[in-house]
Amino acid sequence: MGSPSSKEKTDQPEYSGPILYYNDTVLDHFTNPRNVGELAENETDGYGLVGDPMCGDQMKLWISIRSERIDRIAFKSYGCPGAIATSSMLTDLAKGRTVEEAKRITDDDVVEALGGIPERKKHCSLLGVLALQAAIKDWETKCSLKKESEP
Amino acid sequence: MGSPSSKEKTDQPEYSGPILYYNDTVLDHFTNPRNVGELAENETDGYGLVGDPMCGDQMKLWISIRSERIDRIAFKSYGCPGAIATSSMLTDLAKGRTVEEAKRITDDDVVEALGGIPERKKHCSLLGVLALQAAIKDWETKCSLKKESEP
Amino acid sequence: MIYLDHNATTPLDRRVLETMLPYLENEWGNPSSPYRFASRAKIAIEKARNQIAECAGCGPGEIIFTSSGTESDNLAVRGTAHALRSRGNHIVTTAIEHHAVLNTCKALETEGFRVTYLPVNSSGVVSIKELENRLAPETILVTVMHANNETGVLQPVKEIADLTKKRGIPFHTDAVQTAGKIPYPLCELGADLISFSGHKLYGPKGTAALYIHEKTPLSPILTGGLQENGLRAGTENVAGIMGLAHAFSLSAESAEREYKRLEELRDRFEERICTLIPGTKINGTGAPRIPNTTNISFDSVDGESIVLGLDLHGICVSTGSACSTGEPEPSHVLVAMGLSPKEAQGSIRISLGRDTGEAEMDTALEALSDTIKRLRSISSV
Amino acid sequence: MIYLDHNATTPLDRRVLETMLPYLENEWGNPSSPYRFASRAKIAIEKARNQIAECAGCGPGEIIFTSSGTESDNLAVRGTAHALRSRGNHIVTTAIEHHAVLNTCKALETEGFRVTYLPVNSSGVVSIKELENRLAPETILVTVMHANNETGVLQPVKEIADLTKKRGIPFHTDAVQTAGKIPYPLCELGADLISFSGHKLYGPKGTAALYIHEKTPLSPILTGGLQENGLRAGTENVAGIMGLAHAFSLSAESAEREYKRLEELRDRFEERICTLIPGTKINGTGAPRIPNTTNISFDSVDGESIVLGLDLHGICVSTGSACSTGEPEPSHVLVAMGLSPKEAQGSIRISLGRDTGEAEMDTALEALSDTIKRLRSISSV
Ligand SMILES: Cc1ncc(COP(=O)(O)O)c(C=O)c1O
Ligand SMILES: Cc1ncc(COP(=O)(O)O)c(C=O)c1O
């Protein structure tokens, strides 16, 4: 048996169960998600769609790029509170960043910015990250196509 | 499934467990047993010993007979409260009876006279009955020996 | 707070707490102890057993106290399986049982039992014909719940009892969601084993019972002392038992009145919600249901988000059974009824109780309508 | 009333009841429910788990709540047996275990397990050498109680733990009679599984726990929802758990002081009784014992009659373990120590507690002396 002192003794255990362990920041992003909506097609430089609502969460994300920076960002999200709040936080983190900076945003960054999220909801934070990367990829593909099509 | 009405519905269920379900009569016979003691050998017409203390209760019972009646009776008893109380009650029932009447006393008579006894103690009531029968038998044997030895 | 999750648990009735207190404060003897002080505790629990037996329509010797609906289910299912192992190894149940039965059947499969999980139709009802077809000579137990905890849908338990009786097969029904709600004695269901739980009927948590028809063979799952007729060892939770009995008889008294009252409230709510919120579907309406439960699917939103949205309005509802909220999978009950995982994911359960009136339902309706609108405005689907 | 049967059960500490009441009155949410109201109940039981873990000297994840010492014993013994069935089928225990362990071992024998019941010496202690000799490659569990409930005799649990650790065999100890009484953290015993029960330490009936060292394989005996880390399904007895944790930590606080105080009281009582009443023998004096317990044999009288005699004086003592009073057989513990059935039959257990002082012991001594005299004057042997 290990020595008692080697055991984790925390007054705030990590709960794996109920929803309610979302902290206030998460609740705020769930209740007032930032950057919700869509960009019109002519305003959209990149679009990402990840997830499959048939078996979990789904996110759509639109970006417009100006001077290699994410100028506008919008999302729509189907899913649990974790999915909605992390999606919202992701868009907040990405907004105004350079594309290179935005690419480096990780799921851990999103969770950290929210001040933590229940263990079993951690996977949600990947949704936004992947959607952003998909949107950036979409933009990059369009760029290179444009370049190719240039004389 | 039987109809509900066919089921026993009593407010005073028979408990099989604790001692405490002895009624006041039983408690009285346990606290103040009647006819406790021994008869001197020269006063004893019949003696009965039943039970084995190595594996349960034991009772010794002495009777003296006058005019075919139980004139005096005394007992000693090793055992549980049920054994002591039923022994006591048995001697009370037998006292003053004719030998023929005494022979007909049953364990049920003892239990009835006590106003009931916990189910798992019912066997105790046999102890006194058997001791009495043994004592009577002892007397009868002595009588017939006496008769035989008469000219 | 508006509490609309009475299928998860209920508040402890104040009158029940009053009944319990003397057994917490003064009458703390061990019912098995051999002196008069402790005998008062023993007498008390036997009175409680009588009280329950009277309300349930059975003999006191047919009621065994346990610590939860889950334990009652385990005792019934494992206890029968182990008692009748030599007679056969086949168990028939349904795909929509509570996990207390479902996971126990799964555990028995690892011990060599064969389990048939009967399907249900789109209303959530098992077919008697199908059940009859699956009975085999080696079938030793049929276990079909009375009302489903997620949808409130009632199974044809009396008909199943008639069938199993004819075939001589023990029949267990999990009546955790109907005990205290139905306006007739529990034993009229005709099952050989019936589980029910205290905290679902305004009694204390940690208390429950199993009705065991007198001739039903059963092995204990907790062995030790001779408590509960040798069928459930362990020092009795005396205060809890007293509370369970009082709660059970209080529910029996009010069941008929509550049944009608809640049915009206719920039906009105369901009608209005379908009008007010498009893309809404009530699950299980094609079948008889207990009147306090409604299970609703909403297009394009996730159940957990609805629950949290309502929670932020001070309204408590649930996505399904409380004890499975740890699981991210969609409800096994709704999926068995043919809903797609996405539809199942978009469902919530609202369950009414004694403290629910029109005002509560009206507030809930408004909050629900707001929440759904808001979530749909965010939704990508 | 003078209560001298604290090994059977103890009164509920008023401070513990105060801790429980809010969870009976207001915080009645289901800990598994997904809204903030119910989360307060979940947070509460996790705090209780932390509190117990701190006193016991382990991690919170190593404490599982159950409904009785009996259930904890069943979970430990059956749970290990079933989890390790593929590794072996041999269990080592002793002849003097509580029926919760003994009858569970007997039940496992009918499932194909082989059980060794170790004898004890005349002081009631198991031999480590003998135990070691009986370990086999297929041994999957050793279960030896800490203090015996009838005699208070302590087993060499730490030494057994050292041995089983070396051999890689899971070791369970039933500490129902020592938890809250010993002045050191429970986990210092070194066992992999440790049972304890609320109502033996001034906590509520219907509550108990099992310590499970983190790497110990265990199968649940109650299956269903995911409560208690999947090891014990069923809605939690929230108020009970809160009470258990408070009672456990209060006992831990006072254990050292009480240990000394009770030891003095008991030793003085034993000395005086042997002087005052001839034909008296204290059982287990040759071994270390918990200080609150004395088990005494009296020549020529029956234990049940002594108990009733004392009861009529307003004094509560017992013939042995409370839960076996239904049985007319002499104590299996005393018989294992070499007493004849008749000696065993003439024995009583006196167990002291927080409310026991000199005055109580003096009164008891006098009443006991009277009772023995009176019964001997009736006795035929
Ligand atoms: C149908 C059904 N069966 C069994 C249970 C389990 O009962 P308990 O919570 O008392 O363990 C529940 C409650 O969740 C239930 O709804
Ligand atoms: C040593 C021992 N183990 C187990 C138990 C059973 O505990 P509970 O009464 O909580 O079921 C007892 C109490 O009778 C005991 O003394």
Side-chain angles (χ1 to χ4, degrees), chain C residues 1 3 5 8-12 17 20 24-25 28-30 32-38 67-71 73-74 98-100 103-104 106-107 197 199 204-207 221-227 233-240 304 307 311 316 318-319 321-327, chain D residues 1 3 5 8-12 17 20 24-25 28-30 32-38 67-71 73-74 98-100 103-104 106-107 197 199 204-207 221-227 233-240 304 307 311 316 318-319 321-327:
Chain C
M1 179 180 86
Y3 185 77
D5 199 16
T9 195
T10 54
L12 183 61
L17 178 56
M20 294 169 68
L24 293 169
E25 290 172 344
W28 45 264
N30 186 323
S32 303
S33 290
Y35 30 80
R36 288 166 300 169
F37 161 62
S67 70
S68 65
T70 298
E71 186 186 337
D73 283 344
N74 272 259
H98 188 271
H99 285 117
N103 287 347
T104 301
K106 281 184 192 151
S197 180
H199 73 100
K205 293 179 174 56
T207 70
I221 55 175
L222 295 180
T223 45
L226 296 177
Q227 295 94 345
T235 297
E236 300 90 339
N237 179 354
V238 181
E304 259 188 73
V307 168
D311 187 17
C316 304
S318 122
T319 45
S321 77
C323 71
S324 57
T325 47
E327 303 172 12
Chain D
M1 180 180 84
Y3 185 77
D5 199 16
T9 195
T10 54
L12 183 62
L17 178 56
M20 293 169 68
L24 293 168
E25 289 171 345
W28 45 263
N30 187 324
S32 303
S33 288
Y35 31 81
R36 289 167 302 169
F37 162 62
S67 69
S68 66
T70 298
E71 187 186 336
D73 283 344
N74 272 259
H98 188 272
H99 285 117
N103 287 346
T104 302
K106 281 183 192 153
S197 178
H199 73 100
K205 292 179 176 56
T207 70
I221 55 175
L222 295 180
T223 44
L226 296 177
Q227 296 94 345
T235 298
E236 300 90 339
N237 178 352
V238 180
E304 259 188 73
V307 167
D311 187 17
C316 303
S318 121
T319 45
S321 77
C323 70
S324 56
T325 47
E327 303 173 10

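Remember, predicted model here, so these are calculated numbers, not experimental data. Throughout, protein chains are lettered first and strands after them, A, B, ... in sequence-line order, and every chain is numbered starting at 1. Computed over heavy atoms, backbone and side chain alike; hydrogens, waters and symmetry mates excluded.
D:Thr207 does not touch chain C: none of its heavy atoms, backbone or side chain, sits under 4.5 Å away. Looking at D:Ala233, both its backbone and its side chain come within 4.5 Å of chain C, counting heavy atoms on both sides. Looking at D:Leu24, the atoms closer than 4.5 Å to chain C (heavy atoms on both sides) sit in the backbone and in the side chain alike. Of the two parts of D:Ser68, only the side chain, counted from C-beta on, holds a non-hydrogen atom closer than 4.5 Å to a non-hydrogen atom of chain C. Using a 4.5 Å cut-off between heavy atoms, D:Asn74 touches chain C through its side chain atoms alone.
Within the 4.5 Å cutoff, the side chain of D:Asp5 has no heavy atoms near those of the C:Asn30 side chain. Side-chain contact between C:Thr70 and D:Thr235 is absent, with no heavy-atom pair separated by less than 4.5 Å. A heavy-atom distance below 4.5 Å is found between the side chains of C:Ile221 and D:Leu222.
Counting heavy-atom pairs under 4.5 Å between each of C:Glu71, C:Lys106, C:Glu25, C:Met20 and chain D puts C:Glu25 at the top. The greatest number of non-hydrogen atom pairs below 4.5 Å with chain C, out of D:Pro11, D:Ala239, D:Ala100, D:Ala107, is found for D:Pro11. No other option in C:Gly234, C:Gly69, C:Pro204 has as many heavy-atom pairs under 4.5 Å with chain D as C:Gly234.
Remark: side-chain polar atoms of C:Asn103 are not paired, donor with acceptor, to backbone N or O of D:Thr223 under 3.5 angstrom. The backbone N or O of D:Trp28 sits less than 3.5 Å from a side-chain atom of C:Lys205, completing a donor-acceptor pair.
Atom CD of residue D:Gln227 and atom NE2 of residue C:His99 lie 11.0 Å apart, to the nearest 0.5 angstrom.
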